[in-house]
There are 2 protein chains.
Amino acid sequence: MHGGSELELRDVEVFLALADELHFGRTAERLHITQARVSQVIRKLERSTGATLFERTTRTVRLTPIGRRLRDDLAHARDLFQDALVRANCSARGVGAALRVGVLGAMGHEIRPLIEEFKSRHDGGEVQLIESRLSDPFGLVRADEVDAQILWLPVQETDLIVGPVVMTERRVLAVPADSELAVLDSVTWEQLDDHLVADLGSPAPPYWVEALTPRRTPNGRLVKRGPTARTLQEVLALVADGKVVSPLPQHSTRYFPYPGITYVPLRDAPSTQWALVWSSTTDRSGVVRAFARVAEELGSPSA
Amino acid sequence: MHGGSELELRDVEVFLALADELHFGRTAERLHITQARVSQVIRKLERSTGATLFERTTRTVRLTPIGRRLRDDLAHARDLFQDALVRANCSARGVGAALRVGVLGAMGHEIRPLIEEFKSRHDGGEVQLIESRLSDPFGLVRADEVDAQILWLPVQETDLIVGPVVMTERRVLAVPADSELAVLDSVTWEQLDDHLVADLGSPAPPYWVEALTPRRTPNGRLVKRGPTARTLQEVLALVADGKVVSPLPQHSTRYFPYPGITYVPLRDAPSTQWALVWSSTTDRSGVVRAFARVAEELGSPSA
DNA sequence: TGCATTGATAACTCGCGCTTATCGAGATGA
DNA sequence: TCATCTCGATAAGCGCGAGTTATCAATGCA
C-alpha cells in the first residue's frame, strides 16, 4: 500500500526503450533523460506490476520472461494507441494534410519503399517531399515548413529529435570527368590532396558538414575548401566545371549521371547513416512518430 | 508549432469518460477532478489531433464522427494496455495472488457470473471472497486486507474510489415470522412504526447505514433503532428472535431462508445499488481496474 | 427579463517528474 | 591487490506543468 502513482505512457516508452537497448545509460541518452530517471521509472514499473522485469548486474541487463511478455504486450498496445491518434489526425486534416518530409537531393526517391509502406498502413496518409538546402539542413524543420527531415548523422541539436536510421550507404567521390582521379577504381581521403571540396556555407554547422567532408585527412593534412554551394545541384555544377571534387553518398551516382562527372568509390570512408529527424516542439509528433515507427520496422537498407 | 506536451494516459481517460458521459461536469465528478481540467484536457487533445472531437454548446455535448472513431480506437488500446499490466501482475504473484474482494453477506454468490467472466478473460486470475462486517464496511479496504469491496451506494469517502455498479435490486423487510407484518404482501416505510431496526454500530458512518435504513419515514416519523448487530448473521438472529425488523437487499431472501424470518417486499423503497469500491492508494489498481472493467461491460443485473 | 446551468478561460499553486551529486559493486589491467 | 573505470541505485533538491479556484459568456427556461 502506498501513494497511487499511476503508470503513464512516458513510463512505458522508457520501459520499451530499455527492453530494446538493455543498457540504462544508452536508454537515457536515446530518450534525452538521465540514467537516474530510467532507474526510477523501471523501479516504479516493477513495483506496480510486482514482477522483476530485468535481471541486472552492473555489467549486464537482461529481460526476464515476464518482462519479455510485457514488452510484447505493451509495444502492441502502444502502437494501437499511436495509430488511433494518427488516424484522427489524418481524417481531421483531410487530403491537404500530407506529412511534409524534407530531403536532400535524391533521398526522396531512395525512401520510396518507406513512403509506400506508410501510406498503406495509414489510410489517407499522404507524404509530401520537400527538398532542403545543404547549407541549411535544419532550417525547414525549425521553421515548421516540414514535419520531419532526413539528414545524415550525426545531428546534435538540442531542439531536434533524432529518430531511426532510414538508410546506410557508402560514400563516393564526385570528380570532374577529366580529372586524373576519374580513371581510378577507388580513392582514399589522402588523395584529396591538392583538390578543393565545396563549402556548404552557413548556417550549416561545421560538425555536420565535416561528417561528409572531413576537415583533415587521416594523416592530418588539411582538406582545402573551395567555392560555396548551397544545394546539391550547385555542388554538381562546380564538380562538372572542374572547380572542386566532392564526397557524396553513393546513391547520387544513380540519380545524377552528369556528363562531366565521374564517381569514384571512397575506400576509407565510413558509411553514411541517414536518419529521420524532427523538432521536439512539432504539433504533429503523432504522425511523425508513426512514420518513424514504419521506418524502424523496415530497417535501414544498405544501398 | 508549440511546446511539445505529449499526450498521456491520464488524458485519454478523461476523453473516454467524457465520450461516455457527454457532460463536462459529470465527467469531472466521476474522475475526481474539476470541470475546468476536463475542458483543458479536451482542448489539448483536440489541438494535438487537429480535429474537433466534440460538438458542444453550453447545453449539449455530442461526439463528432472523428471523435467516435477515436473513442473506439483508444478504448481498445487502453484495454490492451491495462491487460498487459494485469497479465504481468498475475504471472508475478502466481497462484497465491487472488484478487481479494470484500463482500457483505451473500453478495459473493450474486456476483459469481462476474467472477467467472473475469477469470476466463484473465488467465491465471483468481478471486478470493472475504466477508466484511456491516459495522465496518470500509475497514478491510483501508487496511489493505482486500483489494476491492462491494458495497451499497452511496459511498462518500475521499480516500475511496467508487467504481461501476455491479447489481441493482429492490429491498425487502425481514420480519419475525410471527409478526403481524409477516402476513402482508408488501409493506411501506410508514409501517415500521413501533418496530425497532437493528443498529450497525461504529465505525459504519450514519449516511451509509441510513441509505439502507432511513432515520425517518417519508412522513417524517423517527425510525427507532434497537440493539446492535455487527454482521448480517447477527441481524438475522435478532430478527428471528423477534427483537427487530430489518430492511435488506432482496437477494437475502434467496440465501437466508431462516425458519423464524419472513421477507416482505418494501413497496416504497428505492432500489439499492451495489458498486465496486477500492482504495485510491492500492498497490494493485491495475488488477482492480481490470475487474471493474469486466463489471462495467457485464452491466448491473437487476435481481 | 431575471435565474440557473454549462463550458471556456485566466491566474495561481503545489506535487511530482526529472535533475545533479554521490555511492557501492564488479570488471579490467599493471 | 590496488588503482581505475563502468554501470546501476539512491538521496536530495529544483522547476514546470497538472490541477486548482475564480470568473465570464452563452444558452435555456420560468
Side-chain angles (χ1 to χ4, degrees), chain A residues 2-48 51-64 67 158-159 161 280-281 283 285, chain B residues 1-49 51-64 67 158-159 161 280-281 283 285:
Chain A
H2 72 290
S5 53
E6 287 298 319
L7 194 66
E8 285 296 336
L9 274 182
R10 169 180 323 141
D11 304 321
V12 174
E13 287 309 332
V14 173
F15 167 72
L16 290 175
L18 181 61
D20 191 32
E21 297 278 356
L22 294 176
H23 188 287
F24 282 68
R26 279 199 301 277
T27 301
E29 209 173 332
R30 172 163 148 189
L31 301 179
H32 302 108
I33 58 180
T34 59
Q35 174 265 319
R37 185 61 193 153
V38 177
S39 207
Q40 291 162 1
V41 168
I42 298 303
R43 174 156 49 115
K44 169 174 158 190
L45 225 169
E46 291 187 326
R47 236 189 105 78
S48 85
T52 304
L53 302 173
F54 296 94
E55 300 282 0
R56 44 204 191 272
T57 66
T58 59
R59 307 306 295 172
T60 65
V61 176
R62 211 171 335 134
L63 271 169
T64 62
T158 50
D159 61 334
I161 294 173
S280 57
T281 60
D283 262 359
S285 70
Chain B
M1 182 114 87
H2 73 291
S5 55
E6 286 299 318
L7 194 66
E8 285 295 338
L9 277 180
R10 176 182 314 137
D11 305 321
V12 174
E13 286 312 328
V14 173
F15 167 71
L16 290 175
L18 180 62
D20 190 32
E21 297 279 356
L22 295 176
H23 186 287
F24 282 67
R26 279 199 301 277
T27 300
E29 209 173 332
R30 173 163 146 189
L31 300 179
H32 303 107
I33 57 178
T34 58
Q35 173 266 318
R37 186 61 192 151
V38 177
S39 206
Q40 290 162 3
V41 167
I42 298 304
R43 174 155 50 116
K44 170 175 158 190
L45 223 169
E46 290 187 327
R47 236 189 105 78
S48 86
T49 56
T52 303
L53 302 174
F54 296 94
E55 300 281 0
R56 45 205 191 270
T57 67
T58 58
R59 308 305 294 174
T60 65
V61 177
R62 209 171 337 134
L63 271 170
T64 62
T158 49
D159 60 335
I161 294 173
S280 57
T281 61
D283 261 358
S285 70

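Lettering of chains follows the sequences in order, A, B, ..., and the numbering in each one begins at 1.
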### Task
Using only side-chain N and O atoms of A:S39, determine if any of them is under 4.0 Å from OP1 or OP2 of D:dA9.
yes
Within this structure, what is the [atom1]-to-[atom2] distance between [X] and [N], rounded to whole angstrom?
X     : N      : atom1 : atom2 : value
B:K44 : C:dA8  : NZ    : C1'   : 17 Å
B:L31 : D:dA18 : CG    : C1'   : 14 Å
A:R10 : C:dG17 : CZ    : P     : 7 Å
B:E46 : C:dG7  : CD    : P     : 13 Å
B:D11 : D:dG19 : CG    : P     : 8 Å
A:I42 : D:dT10 : CD1   : P     : 13 Å
B:E13 : D:dG19 : CD    : C1'   : 17 Å

On a heavy-atom basis, which atom in [X] and which in [Y] lie closest, and how many Å separate them?
X     : Y     : result
A:A17 : A:L31 : CB-CD1, 3.9 Å
A:T27 : A:H23 : OG1-O, 2.7 Å
B:F15 : B:L45 : CB-CD1, 3.4 Å

### Summary
Residue pairs passing the salt bridge (Lys or Arg N to Asp or Glu O under 4.0 Å) test with at least one member in residues 54-63 of chain A, sequence neighbours excluded, are A:E46-A:R56
### Message
Taking salt bridge (Lys or Arg N to Asp or Glu O under 4.0 Å) as the cut-off, I'd like each qualifying pair that reaches into residues 19-35 of chain B, sequence neighbours left out, listed once.
### Response
B:D20-B:R30, B:E21-B:R26, B:E21-B:R30
### Query
Touch check for A:V61, heavy atoms < 4.0 angstrom, all strands: base, sugar-phosphate only, or nothing?
sugar-phosphate
#### Entry: Letter per nucleotide, 5' to 3', of nucleotides 19-30 of chain C [B base touched, S only sugar-phosphate touched, - untouched; heavy atoms, 4.0 Å]
BB---BBSS---
### Message
Assess the residue pair A:E8 and A:D11 against the criterion (side-chain contact (heavy atoms from CB on, under 4.5 Å)); give the C-alpha distance rounded to whole Å, side-chain angles, the decisive distance to 0.1 Å, and a yes or no.
### Response
CA-CA 5 Å; A:E8 285 296 336; A:D11 304 321; 3.8 Å; yes
### Task
Please lay out, stage by stage, how A:F54 and A:T64 fare under the test side-chain contact (heavy atoms from CB on, under 4.5 Å).
CA-CA 5 Å; A:F54 296 94; A:T64 62; 5.8 Å; no
### Task
Please work out which residues in residues 15-29 of chain B have a non-hydrogen atom less than 4.0 Å from an atom of DNA chain D and list them by number.
none
### side-chain contact (heavy atoms from CB on, under 4.5 Å) partners for B:A51, two or more places apart
A:A92, B:T49, B:L53, B:I66
### Message
The criterion is side-chain hydrogen bond (donor to acceptor under 3.5 Å, both in side chains); which residues satisfy it with B:R43, sequence neighbours excluded?
### Response
none
